Each structure stands twice: as structure tokens, then as C-alpha cells.
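Step one of this worksheet: look at the structure below.
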Amino acid sequence: MTKFVYTFGGKTAEGNATMKNELGGKGANLAEMCLLKLPVPAGLTITTECCTAYYKNNCQLPAGLMDEVHAGMKNMEDIMGMKYGDPENPLLVSCRSGARKSMPGMMDTVLNIGLCSKTIPGLIKKTNNPRFVYDSYRRLIMMYADVVMEKAEGIEPADGKSIRKQLDDMLDAYKEKKGYKSDTDLKAEELQQLAEDFKVRIKEVLGTEFPDDAEAQLEGGIKAVFKSWNGKKAISYRRIEGIPDDWGTAVNVQTMVFGNMGEGSATGVAFTRNPATGDNQFYGEWLVNAQGEDVVAGIRTPNPLNDETKNEQNKHMHSMQELMPETYKELCEVRRILEENYHDMLDVEFTIQDGKLYMLQCRVGKRTGVAALTMALDMMKEGLIDEKEVVMRLSPEQLDELLHPILDAEDEKKHDVIAKGLPAGPGGAVGRIALTIEKAKEYNDAKITNILVREETNPEDVEGMRAADGILTARGGMTSHAALVARGWGKCCIVGCDAVKIDLEKGIVRIGDKQFKEGDVISLNGSKGWIYAEPVGMIKSTENPLFQQFMKLVDKYRKMGVRTNADNPIDAQKAIDFGAEGIGLFRIEHMFYGENSEKPLEILRNMILANSRAERVAALEQLEPYFLESAKKTLRVMDGKPLTFRLMDPPLHEFAPQGSKKMQETARRLHLSIEEVQKRVAKLHEVNPMMGLRGVRLGIIYPEITRVQFRALFSATCELMKEGLNPMLEIMVPLTINAAELKHQKAIATELKAEVEAKYGIKFNYKFGTMIEIPRAALVANQIAEVAEFFSFGTNDLTQMTYGFSRDDVNAIVKTYVDEKIIPADPFNSFDRECVGELVKIGVQRGRSTRPNLKCGVCGEHGGDPTASEFFYKAGMNYVSCSPFRVPVARLAAAQAAIKEERGK
Ligand code: ADP
Ligand code: MG
Ligand code: MG
């Protein structure tokens, strides 16, 4: 028979920390803490497999499970010296959920199970503390009614009518009637009375009695935890986090220990290091005479754990270090043992019963990007982890967080925080207050940094939000519009700051007790939600020496190169600053867009509308100096680093004059009638332009287009060499389907190389390669590699061609496909390893079968996707190429792929 129950307690355990899949995170770590001889109340864990069996079995507990549970309970009773359901010396338990991955707050826990009319008197006698017993009893009733009798039964009460809310309201009403402020003011008899009232209400509302029997309570608790796996909250959380439905949850049945036994008892949560900053300080909160969720539920303001971490809000309150110095020391020792064993920062839950410390939970703690960085490097210094582990400790998202400019922490210390809101968007911002969208745009146009301050934002405000350097709102939560938009852009943003009061008519805003006019400067720390009344210094987080130290380690273990997609000197320089080792994709077409593009675009239009080769050549010759200048500027910045230049790719009609005004202009310029222009534009029309006259086809139909590009690029190279620079030109041909196309283009290149070398009187080297973006090209890669010296996989087009999805129009279809689970994800966003990936692998393999040292890279959007990095690395890519801002993330992902591969061996 399958073993469903694992025991722990008495400084030993059947499980351990590696058994998260079987025991869930909580169960595995409880077992591990026992093995570490830490004080853990004895218990047992029912496996996740049992949960799966329970669901397969039509929501019936598998046969024999309760026998196993009883055997495990016997073990607990022996260790703890108490007996479950015993009238003299009753043991109480909690039923706790715990999945493989932590799903905070998503599933349910019931405490104080086993209290009933048979056991209450015994517990009162034993503890001589009736108040504690009835406090525990009323908590059991509240939790049990909520979790077991309502939620697990699938009852869906109307808004505000849940049994939990009704009982909470009764409690509040009672406290109000008596003039009590805190739960702890309630006396034993009052709690007893409340418990009786609760039971009556439960019968009224739910139609069933609260079970007055320990055994029934236990079985109800176990089933309810299993059921909570399929609660609404838990299901939607799993969708977002991508946790499979069939994992199931474990159930931990654990001996209760009590933080609510009086002034010598307490409960708390702590992080072994500060999870926001990463500082090596024990950081936590605790409450005297409290149980379970009291600390996080916000019913009472919790006290600070120690003096070191007191803050503005709790500095007047007593720390555990002050009130229970001995137990605090013990807890510090637990902290040390845990970090030494897990080599990581953990969060822990603990309870103190009459001065005795018990550990109830530990797990690797969540942290901000800054904290992850600080901790990893500290732990390396402390000898807890090695260099490779440091590299593994920051997720690509956490690194991304670090790339935003931040307030200088040293300077922050010199200013007072005037108000706090929710930290919705990372980084820092310093700027003038803008109260309207118009004002934000006005400032932005004048290049004045500004902070948009609003009641709340809605989708119409997007332009102003873009124009702002930071956003501050009075209302809204972490998932409000402003927060979502800001995080999407990586923009500094604080939301839900009640202290902000805006008077638009007067053009003033109060923040806390300070008043500001529009135009006054404030500072935001979006990572913490803090607001300052003056300008605070900012630093690029990449200037942070820790960041630099970290990236050095990243590069030490990285084997795959990282290049950038850039087509102007500014982006190229930015990418180099971020560590790019070359340009993987330079699109020449950029010179026909945006600033200073009027003239070249005009000439391009003349070329497109040319009626004869002679006309076309004439226009191209006019374009040549623009090609040359554009290439030269960026090649100069990239001195000594490779730059992959892509020959003209898009269908020409994209640049044709559109609309009557543009057509008239063109007609005037070319001395043609407007009808003639219309006729020529119409001739360019293609039914499927993306599959028509574009890419290499342009250069084969109109070889003069290729000629002028080669000549310009080669000339740029020679001119820079004459200046003593080292341009490393690579030219790639787009949209290739076979080797013949490449041979055709290569012949032109060879001819022009000789011509340009003769003109400048120097010899130069360059590389000739191709993009692989049509499935056919991947399949005949062995032939193509006879001509091409390198491959660059254009995964956007390759995805488009593999799926037959037009990436410009297919959005709505893809969305439905994903919703209907026809395909798992949008292949343009998340790289399709199965098929597009297979073509990439085939392309690399076949290409290298002809040319073993063939250089291969990826230049599609997917090149910047850290989740695809490992795949590209394993496929044998020499580099990935991505937008400048993604370069550090790509470096990290590449290093992690290399370390993972090594560890797999
Ligand atoms: P979650 O997974 O939501 O954190 P837990 O199972 O950790 O839920 O339970 C919530 C809280 O209940 C714990 O933080 C702890 O304070 C309290 N608790 C759970 N089991 C026990 C127990 N055996 N003794 C005392 N308190 C407990
Ligand atoms: Mg917990
Ligand atoms: Mg392409």
C-alpha cells in the first residue's frame, strides 16, 4: 500500500527538505527543522499524492488513510505526553495546508481542533486558564465554520454574508457594547457566551451543527484542506503562477502550541534577513498573547522583533528583545542554524507558549531585487554560498528591477519621509508636481522631469503617465490601473497614498502635513512607497558597485554571447554600457523613420516609383551617402565589436506615399501627374506583402538595391579603417530560401569589394551570412552554409512562417486559441520550443555539418526572453541579440543556463 502519512517530532522525522513534491513545502521543511533538532511541535504530514487520490476517488478519503492518521497521532501523543480527545489531558491539533510551491493565503488552515464539551473542562483544569480555553474555542468555531462547514461544502454566500463575516460582526458588536478596544479585553465568561451564540448562528445560517466531537472535527479538517486546493482563490492563483492542477496539497496535522496563554505567550513571523533591503539583520514582527494570523491580519499593530529594526510606526512599542530576552536569544540561534543549513534567507513562523519557543514554519523567503543582490553577495562573503550560486540567486525579473534608476539610499537618510503609499512601480523619481495630463506633457516636452499626482488614473491618462517620470495616486491598490501600467513600463509609481489631498481648482496638493503647488519638486521611492518633500539624489542602479560585482560573476560563468538589436549610435552606446558584445541586428530601414528621415525617405520614394532601371539607379546613387553615413556612425561606436547589418528587408510599398497630400507632393517632385503616381503606387500592391517582394527577393529582382548597400557599407568600413579604427562588419541577407539566392548576392558583394578596395587602396575583411527565418532554409541549412559564414535566426518570421500566422493580424485568433487551450501560449511571445525550436536546432546542426565553425545567433524578440535562453544555449547558439535594455537580463539568463547545464551533468 502507498504510504500516505509521514510523521515528524521529537527531533526526528520520516521526511526531509528535499521531499517537497510528496510533503509540500511546509511539511518538508517542518520535517527538516525536526532533523535540525529545532523545537517543532510533533505532527504528521499527509502526502500530496493522497490529495490527488482523494479527488480521483470522488472526494472520498482513500481507504485506510484514517488508520494511518491514527497511528501517526499515536506517535504525536507519545512525544507530547497528551492524548487527542482525552477528557483529562487533551491534545489539540491544527490542520494546515501546504503545496509544493507556496501559495500564500490561498488555502486554509484550522487551529485548535479537538476542543469540544468533552475536552474543555480537562484543558481548563490543566491550564488553570479558562480565558485561554474559551478564546481558543471561539477561534476554532470561527475557523471551522468558515473553512470546513462553508467553503469546503461549496456554499457561496452573498457578498458580506459569509459565516466568517457574520461571526466577526458579532464579535465586534459585543466588544463595542462592552466598550472594549481589543480582543484581549474579553473575559473568559464573555468568550464562553460568544462561543454559544456563534453555534446558534451557525445552525441558523448553515443548517448544520458545529460538531461537538474530536474525531469528527479531525476528519472534517483534513477533508477541508484537500477541498481548499480547489477553492476559487487557489485555482485562479494557480492559473497566474502556472502551477499544475494535479499537484495537490499536503495536509499537516500538528500539535497545537499556544501564543494566547497570557503575557508569557506570543506569536510572530520573521525573516532571517531584511527582505526589502537585504541587510543582514533579523527582521520581524510579533504579538504578545495572540494566535495564528493575528500578526498579519492587521487586527492589532504588531511589535518589532528587535531594537535594530524598529521604524517610525512602531518605535514606541516593546520588542521581543526587550520583553523576552532569553527566548529572543534562542530564536536568534534558530536563525543561525537555519541559514547555515539552507544557505539562504528564510521566513519563519514561531509561537511562544509560556516562555517556551516553538517553530511552526520555515521557507525560503521572497525578496526584492535589491535585497536578492545584497544577500547573495553577503552570503558569498560569509562562505554560505559559492560564486555560481550567487549567479543563480537573482531571477531575471529581479535583475530587471535593478535596472531602473533609484534614489540614493545615503541621501534618502538625510530627508524625512512625509507620507507612505503602496510601492507599485520600481525605482525612484524626482520631479516637479504635475496635477494634469496636459501639465505632465508640457513638462516632458520641455524636458523637465515631473511627477504626475492624481486622485487615481484611468486609461485616458496614459499619455500623461508616459510623459511623467513618476506617478503618485491617492487611491488604488497594487493592481489598480496606475500600478499595472507603471509596472509594465518599469516606471516609478506609488499608489493608494491616503495622505495625498488634491485641490485641482487651486492647483495645490497636500501630502501629509505639507502643502505643495503644481511645479514644486518632490521625490518618490517607488520600491518602498516613500515620498519626500525635497529633491533627493538619484543613482543609476547599474552604478551600484554591488551590481557591477554581480555582473562580473555573471560574465565569468556565461558561455553564450549577448548582442543587441540597435540601428543608431545612441542605442548602440547604451547597449555597450549594458555589456553588449556586438550588434546582432542593424536594420538599415531605420533611416526612413523619425528624425531627419524626410530627405532619405523622399529619395527612397523616387526609387520605389521609378519606371526604369536607369531611374532607379539614379535614385539609389542619391541614397548611397545616407546609407554610408548611417552605417559609419554606428560602426564607429561599435569599434572592435561586430555589427551585423541586415540588407533591406521590408516590402517597398510600406514606404510608398499614402494619401492624396503625400501623392501630390511626390507628383510635383517627380514632375508626374497625380494619376501616374496613383497608378505606380497601385502597381506595388501585393495581396500578401509579407510573403511577396521583400527580403533577398528585392535584391534579386533589383540587384542595384543590393549593390548600393554593399558599396556604402564597404566604403564606410574603409573610411573608418583609414582613421585607424577597427570596424567589424557582418552583412546578412534576409528571408533566404536556398543557397542559390545567396550565391547570387555574394557575387555582387565580391565584385564591389574589389571595386571599393581599389578605390581606397586598402584590403578589409567582412563576414557574409544569412538570416534563417523560413522553414525551408532551416531544412537546407547544410547547403546554405556552403555560402553563409554565419546564421542569424529571425524567430519572429520563423514563427510566422511555421504557424502560417500573420503576426500583424492574427492577435484575436491567437487569443481565442489560447483561451480555448488549442495552443498553450502566444508563440510570438513565448518561444515555441516544440516546432520553431526544432527548426532552429535542425538549422544549427545541418549548417555546422557543412561548416563546423558556423557562427549562429538569434535576433528575434525571443532573443531577449530569459525563459528561452536555456533553449538557445543548448541548441548551440553563439549569441542571442536583444534590445539594449534587456542586455543585462540576457547576460544573466545565459550564465544561469550554463550553470544549470553543468549542474545537470
Ligand atoms: P499559511 O500557509 O497560510 O501560512 P499556516 O498553516 O502556516 O497557514 O497557519 C497559519 C498560522 O496558524 C501560523 O502562522 C501559526 O501562527 C498558526 N498555527 C498553525 N498551526 C499551529 C500550531 N500547531 N500551533 C500553533 N499555531 C499554529
Ligand atoms: Mg504559514
Ligand atoms: Mg524577418
Side-chain angles (χ1 to χ4, degrees), residues 7-9 20 23-30 33-34 38-46 72-73 76-77 79-80 82 84 90-115 132 135-136 139-140 142-144 146-147 151 217-218 221-222 224-226 228-229 231 233-234 237 249-261 265-271 284-300 302 331 346-354 356-366:
T7 59
F8 61 86
K20 297 206 170 60
L23 305 181
K26 200 179 284 165
N29 286 330
L30 281 167
M33 285 200 288
C34 289
L38 298 180
V40 177
L44 59 87
T45 304
I46 307 174
M73 296 280 284
M76 284 159 65
E77 291 168 347
I79 294 170
M80 304 304 293
M82 294 180 277
Y84 188 70
L91 178 111
L92 303 187
V93 298
S94 61
C95 269
R96 317 173 64 189
S97 57
R100 289 192 206 183
K101 267 203 188 161
S102 119
M103 297 169 55
M106 292 301 134
M107 288 181 299
D108 296 311
T109 286
V110 185
L111 308 182
N112 308 333
I113 294 176
L115 270 180
F132 148 72
D135 183 49
S136 304
R139 287 172 189 264
L140 167 67
M142 292 173 98
M143 274 184 267
Y144 199 93
D146 171 31
V147 174
K151 286 207 193 95
Q217 287 177 5
L218 177 64
I222 293 171
V225 171
F226 281 157
S228 71
W229 175 253
K233 271 192 302 188
Y237 184 84
T249 178
V251 183
N252 300 286
V253 178
Q254 188 175 22
T255 307
M256 281 302 303
V257 289
F258 299 99
N260 57 335
M261 264 192 180
S265 300
T267 184
V269 296
F271 293 84
E285 295 179 323
W286 73 309
L287 274 176
V288 172
N289 199 8
Q291 188 176 46
E293 307 286 68
D294 291 3
V295 176
V296 280
I299 307 170
R300 289 157 59 191
L331 189 62
L346 297 133
D347 73 44
V348 298
E349 297 176 356
F350 62 90
T351 281
I352 298 155
Q353 175 176 326
D354 258 342
K356 174 149 178 39
L357 175 70
Y358 290 97
M359 299 310 298
L360 291 173
Q361 187 171 325
C362 78
R363 71 186 153 197
V364 171
K366 296 240 189 312

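Because the structure is predicted, anything quoted here is derived from the model rather than measured. Whatever order the structure lists ligands and atoms in, that order sets their numbers, starting from 1.
A donor-acceptor pair under 3.5 Å is absent between the side-chain atoms of Glu77 and the main chain of Leu91, judged by distance alone. In this structure a side-chain-to-backbone donor-acceptor pair under 3.5 Å is missing from Thr7 to Gly72. For the pair Asp146 (side chain) and Met142 (backbone), a donor-acceptor distance under 3.5 Å is absent. Within the 3.5 Å criterion, the main-chain N or O of Asn289 finds no donor-acceptor partner in the side chain of Asn260. Listed for the Ser94 side chain is no donor-acceptor partner under 3.5 Å among the backbone atoms of Val110.
The one candidate from Thr45, Val93, Val40 that meets the side-chain contact (heavy atoms from CB on, under 4.5 Å) condition with Gln254 is Val40. Each of Asn112, Val257, Asp135 was scored for a side-chain contact (heavy atoms from CB on, under 4.5 Å) with Gln291, with one residue passing: Asn112.
For the Mg ion (ligand 2), the count of nearby protein N, O or S atoms, meaning those under 2.8 Å away, is 3.
Of the heavy atoms in Gln361, only side-chain atoms (C-beta onward) come closer than 4.0 Å to ligand 1. Neither the backbone nor the side chain of Val269 comes within contact range of ligand 1; no heavy atom lies under 4.0 Å. Contacts between Glu349 and ligand 1 below 4.0 angstrom, taking non-hydrogen atoms only, involve the side chain exclusively. Residue contacts with ligand 1, taken as heavy atom pairs separated by less than 4.0 Å, involve Val257 via backbone and side-chain atoms alike. When heavy-atom distances to ligand 1 are checked against a 4.0 Å cut-off, Met107 has no atom that comes that close, whether in backbone or side chain.
Using a cut-off of 4.0 Å between Lys/Arg side-chain N and Asp/Glu carboxylate O, Glu349 and Lys26 are scored as not salt-bridged.
Considering each of Ser94, Gly259, Ala42, Gly24, the one bringing a non-hydrogen atom nearest atom 20 (N) of ligand 1 is Ser94. Checking Arg363, Gln291, Lys26 against atom 6 (O) of ligand 1, the nearest heavy atom belongs to Lys26.
For atom 11 (C) of ligand 1, the nearest non-hydrogen atom of the protein is Glu293 OE1, 3.4 Å. With respect to atom 27 (C) of ligand 1, the closest heavy atom belonging to the protein is Leu360 CD1, 3.6 Å. Scanning the protein heavy atoms around atom 18 (N) of ligand 1, the nearest turns out to be Leu111 CD2, 3.4 Å. Looking at atom 23 (N) of ligand 1, its nearest protein heavy atom turns out to be Thr255 O, 2.9 Å. Atom 17 (C) of ligand 1 has Gly292 CA, 3.6 Å as its closest protein atom, hydrogens excluded (heavy atom only).
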request  = Take Arg363 and Leu346 through the test side-chain contact (heavy atoms from CB on, under 4.5 Å) and record every step on the way to the result.
outcome  = CA-CA 5 Å; Arg363 71 186 153 197; Leu346 297 133; 5.5 Å; no

query = What do the steps show when you test Val251 against Arg96 for side-chain contact (heavy atoms from CB on, under 4.5 Å), and what is the final call?
reply = CA-CA 6 Å; Val251 183; Arg96 317 173 64 189; over 6 Å; no

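Less than 4.0 angstrom separates some heavy atom of Thr109 from each of these atoms of ligand 1: 5 (P), 6 (O), 8 (O), 9 (O).
Taking only nitrogen or oxygen atoms, main chain and side chain alike, Arg96 reaches within less than 3.5 Å of ligand 1.
Crowding of Lys356 atom NZ: a count of heavy atoms from other residues, nucleotides or ligands under 6.0 Å exceeding 12.
Under the 4.0 angstrom criterion for non-hydrogen atoms, Met103 is not in contact with ligand 1.
In this structure, a donor-acceptor pair under 3.5 Å is present between the side chains of Thr267 and Thr351.
Outside the 6.0 Å centre-distance limit, the rings of Phe350 and Tyr358 are not counted as a close aromatic pair.
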